Amino acid sequence: MRYSSYLKAGLLGAVLTTASVVGVQAQTSLKLGYSLAPTSHYGVGATAMAEELERLSDGAFTIEQFPANALGGEREMVEGAQIGTVDLVITSTGPVGNFVPDTLITDIPFLFRDYEHAHAVLDGPIGQNLLAQFPDHGLVALAWGENGFRNLTNSVRPIHNAEDTRGLKVRTMENQVHMQAFEGIGVLPTPMAFPELFTALQQGTVDGQENPIGVILSANFSQVQDHLSLTQHVYSPALILMSPMVWGGLSEEQQGWFEEAAAAGAQAMRAKVREDAENGVATLREEGMQVVEDVDRASFEEALQPVFERFAERFGQERIDEIRNYGN
Ligand code: EAX
């Protein structure tokens with residue numbers, strides 16, 4: 001009896017000691033990089049993810065944010081995740097097709113009708129199968145986030161239809177699908193990393209660029225671009241990526257926390273993208289931009305027909321239609 005209670009007390013002591021030691025050792029801070037300001041949709045998503053992770057892990061994991069390209073452009077951050085110098089990245093799919101080629105299908109213009117359609121595809125089997133491919137390319141994809149529908153801005157003239165874009169020099173992301181599409185409608189595509197873009201617009205190295213309203217706001221492009229056209233020519237997904245170096249060292253339970261926290265981050269990101277898309281145009285007008293709301297989007301789709309044929313050869317018409325018609 002005596003011996004057993006002694007044993008119990010001893011065991012309890014041991015358990016408590018172990019618990020407190022583990023608690024101290026497991027307090028890990030992870031570096032998360034993204035290209036926009038903390039107030040942007042990426043910042044809102046990062047904060048929601050960090051809060052949920054801290055809650056789920058009882059403070060064992062914290063996230064330190066590196067906004068505004070502090071860890072480099074998106075391509076560099078993804079490379080950093082591969083080699084383990086960056087733990088977590090929120091990135092557009094811009095450069096991701098250079099790492100996981102199958103994701104390029106999601107960058108096809110006029111593929112997604114609206115936000116609901118995009119969410120259904122990405123959260124459903126098609127999107128989840130794409131996320132499952134990342135480990136084969138030295139990356140872990142925790143969730144699809146969101147950047148939003150992209151709109152064209154420029155400093156030369158108001159754009160009402162595809163014809164108006166002819167001969168403009170437009171910065172594109174470092175993305176083969178986007179470059180081919182712009183070339184197809186007679187634009188001179190100039191691929192460039194996002195951190196160089198503001199200066200390139202300011203100095204006139206390029207005439208224009210295209211991005212979701214939230215990015216145009218966050219990056220202060222109204223200071224260097226006079227015209228905005230609500231072309232909504234392509235949906236721009238984002239991804240929450242993790243370094244396999246960190247992922248591989250986690251228990252299954254811990255990995256689950258990261259997935260759950262990333263899902264919460266993605267939801268918050270989507271909500272902020274929507275808010276900016278709805279309210280941001282008025283702000284950009286106040287900041288002096290001339291806005292063309294009534295864009296002839298059909299003219300862009302028509303001009304893109306030859307490019308769509310090339311995409312069909314590359315990705316398979318069936319796979320493209322599967323996304324296009326999803327949920328119909
Ligand atoms: O991810 O490079 C781009 O235009 C992206 O849309 C931007 O960095 C936000």
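Predicted, not measured: the structure shown is a model, and the values here were computed from it. No hydrogens, no waters, no symmetry mates; every other heavy atom, side chains included, goes into these values. Just so you know, ligand 1 is whichever comes first in the structure, and atom 1 is the first atom listed for that ligand. Numbers here are sequence positions counted from 1.
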[X]/[Y] ion pair, N-O < 4.0 Å:
X: Glu302; Y: Arg297; value: no
X: Glu51; Y: Arg55; value: no
X: Arg274; Y: Glu116; value: yes
X: Arg150; Y: Glu210; value: yes

Which atoms of ligand 1 are found less than 4.0 Å from any heavy atom of [X]?
X: Arg171; result: 2 (O), 3 (C), 4 (O)
X: Met173; result: 2 (O), 3 (C), 4 (O), 5 (C), 6 (O)
X: Ser92; result: 1 (O), 5 (C)

Among Val295, Val292, Leu168, Asn151, which residue satisfies the side-chain contact (heavy atoms from CB on, under 4.5 Å) criterion with Ile159?
Leu168

Flag Ser236 as yes when one of its N or O atoms lies below 3.5 Å from any N or O atom of ligand 1, and as no otherwise.
no

Any idea which of His41, Glu74, Met192 brings a heavy atom closest to atom 1 (O) of ligand 1?
Glu74

Could you tell me whether ligand 1 has any atom less than 4.0 Å away from a heavy atom of Tyr42?
yes

of all protein heavy atoms, closest to atom 6 (O) of ligand 1 is Asn211 OD1, 2.6 Å

Closest non-hydrogen protein atom to atom 7 (C) of ligand 1, residue and atom name please, with distance?
Phe194 CD1, 3.8 Å

Could you see which bit of Leu197 sits under 4.0 Å from ligand 1, with heavy atoms only: side chain, backbone, both or neither?
neither

Do Arg270's NZ or CZ and the ring of Tyr235 fall within the cation-pi criteria of under 6.0 Å and 45°?
no

Would you say Gln317 and Arg324 are linked by a side-chain donor-acceptor pair, where the criterion is simply a distance under 3.5 Å?
no

